Amino acid sequence: MPHSQSLNRHLLFTAVIASLGGLLFGFDTAVIAGTTRNLTAAFHLTPATLGITVSSALWGTVVGAAFSGALGDRFGRRRCLQGLALVYFFSAMGCVGAWSWSSLVTFRVLSGLAIGSSSVLSPTYIAEIAPRRLRGRLVAMFQFNVVFGILLAYLSNYCVGLFNFGADEWRWKFGVAALPAILFLISLVRIPESPRWLVGAGDVDGARGVLERMGDTDADLEIEQMIAAVRGAGTSAGERLFQWRYKLPIFLAITIGFFNQVSGVNAILYYLNSIFEAAGFSRVSSDLQAVLIGLTNLAAVTAAMFCIDRMGRRPLLLIGSVGAAVCLGGVAVIFQIHRHQNLLVWCLVGFIGFFSFSQGAVIWVYISEVFPNLVRAKGLSLGSFTHWIMNAIVSAIFPLVAARWGAAPFYFFASMMALQFVIVMMTYPETRGIALEEMETKLGHA
């Protein structure tokens, strides 16, 4: 396929709207960091029940990630995203009105269903409308919005905390998420369905119209490639993911999802306020330090968006592995020797910066690229499922392990980043600048 497509305003607008699922993803996962103190007091939580509370949304993400790919194949990407916007809204309002610990956990699980589904459907949709030379940057917009959502959650928590709502402060912090959910739902009305899904559903004319609207000057050639891919493997709803010919992309999706979470990134983000308080910072100071972490996260992903299509996916992963391992080692030493706590924030800032510049920006791009068209949504579900199941496990046990062994979790996270460097160096192919249809031949599963 020639490099015929440019970043016109329809393509940019469509990618931005689809990536708003990432903003809600980031906000809903990170907002919990500012509520742990209030929730512990309100529901008399122990370290174990606090772990359950924080990880409750994550167990919902596991289910959402596992089934959303199949739903997206059947009903379409856009229609499913509209359903998710409603789920985000109702879960936020449910948390506001939660009458017991169990009801709060239930609504957080509901939020997790939407988060996990967003992590599959939004990147899939963007990858399927994007030209090859812009695909990395456009799909990375999803991760940009994830970290922007995290930053908004930290800022929102800080601002809500200034109003001194007292024991009900946590309700206000959760309720803010209803506003971007409504914005997402309204905006989705103005974007088209994925052209690759339309071809799979038999609507070739509709797919051609979407491509032309996105600025593709050679839509007929791209349509022919999509039709050939469909004829070569049947329909997306019927094609099985777990086949020997897909062994490499399956391995890549599972490992990148696994390493993304055993880096400890989300455990650190969810318990960020608690980590700073354990190091001697006050509640307000912890909120401000969290905002600094969020800003670093956003700046690093922004830088990665401009590098991912120039440097490639693999180099970013390698750079990030080394930097993250060194910074996490620094955090571990600080907690072990109980000295130099003033350096803690800079070690965490460095870790977040390296992670967001590499893993954070690459994961959804890479998974969306390595699978062929007919199993892309299922492949993204697998990678996302791995990501979320590991996220839930790590986040649930982190407070228990940290309370008992202090520095041990950070030593573990650092060692996993060193292992990731070796795995990426030995097995990960570069996917930059390759058409999605051509990727099948490159990875040996055509």
Side-chain angles (χ1 to χ4, degrees), residues 13-29 31 56-97 106-129 139 141-142 145-146 149 174-198 200-201 203 206-207 210 235-237 364 367-368 375-385 387-388:
F13 175 81
T14 300
V16 168
I17 296 305
S19 67
L20 287 178
L23 186 144
L24 285 157
F25 167 155
F27 192 101
D28 272 32
T29 53
V31 71
S56 57
L58 307 179
W59 293 109
T61 66
V62 172
V63 178
F67 292 100
S68 57
L71 291 173
D73 284 340
R74 179 163 186 173
F75 298 108
R77 320 310 192 204
R78 187 186 70 166
R79 190 176 302 170
C80 288
L81 287 172
Q82 290 172 323
L84 296 184
L86 287 172
V87 175
Y88 274 123
F89 175 78
F90 286 117
S91 64
M93 298 310 297
C95 288
V96 171
T106 299
F107 285 115
R108 287 295 291 166
V109 170
L110 184 64
S111 172
L113 289 173
I115 295 168
S117 299
S118 293
S119 69
V120 173
L121 294 170
S122 288
T124 298
Y125 177 89
I126 298 170
E128 292 181 347
I129 65 166
V139 178
M141 287 175 61
F142 174 78
N145 268 315
V146 171
F174 283 127
V176 172
L179 299 177
I182 290 295
L183 173 64
F184 186 38
L185 179 63
I186 295 172
S187 300
L188 284 169
V189 175
R190 301 188 61 189
I191 68 173
E193 183 53 83
S194 158
R196 285 174 171 85
W197 184 85
L198 290 172
D203 187 2
V210 172
T235 64
S236 59
W364 307 115
I367 299 176
S368 71
V375 292
R376 181 169 300 111
K378 295 182 179 73
L380 258 164
S381 285
L382 174 65
S384 185
F385 175 85
H387 168 279
W388 289 117

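For clarity, every value in this text was computed on a predicted model and none was experimentally measured.
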Compare all side-chain heavy atoms of [X] with those of [Y] and state whether any distance is below 4.5 angstrom.
| X | Y | result |
| --- | --- | --- |
| I115 | T29 | yes |
| L58 | T61 | yes |
| E193 | V210 | no |

Identify all side-chain donor-acceptor contacts of residues 179-190 below 3.5 Å with residues at least two apart in sequence or on another chain.
unit_1: S187; atom_1: OG; unit_2: L183; atom_2: O; d: 2.8

Pairwise distance CZ(R78) to OG1(T14) - rounded to 0.5 angstrom: 10.5 Å

Contact list for residues 17-28, test side-chain hydrogen bond (donor to acceptor under 3.5 Å, both in side chains), sequence neighbours left out: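 Matches after skipping sequence neighbours: S19-N145, D28-S111.
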
Residue pair [X] / [Y]: nearest heavy atoms and the distance that separates them:
| X | Y | answer |
| --- | --- | --- |
| I129 | A15 | CD1-N, 4.2 Å |
| S119 | P123 | O-CG, 3.3 Å |
| S68 | L121 | O-CD2, 3.6 Å |
| S122 | A18 | OG-O, 3.0 Å |

Can you name the side chain to side chain contact (heavy atoms under 4.5 Å, CB included) partners of [X], sequence neighbours left out?
| X | result |
| --- | --- |
| S56 | V105, R108, V109 |
| A207 | P195, L198, V199, I223 |
| A66 | F385 |

Contacts of type side chain to side chain donor-acceptor pair (under 3.5 Å), residue S194, not counting sequence neighbours: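 If we apply the side chain to side chain donor-acceptor pair (under 3.5 Å) test to S194, skipping adjacent residues, the hits are E128.
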
Residues in ring pair (Phe, Tyr, Trp, His ring centres under 6.0 Å) contact with F25, at least two apart in sequence or another chain: F142, W388

Donor-acceptor under 3.5 Å (S381 side chain, A65 main chain):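 Answer holds: yes.
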
Atom pairs and distances, donor-acceptor, side-chain atoms in residues 80-88, under 3.5 Å, two or more places apart:
unit_1: Y88; atom_1: OH; unit_2: A114; atom_2: O; d: 3.4
unit_1: Y88; atom_1: OH; unit_2: S118; atom_2: OG; d: 3.0

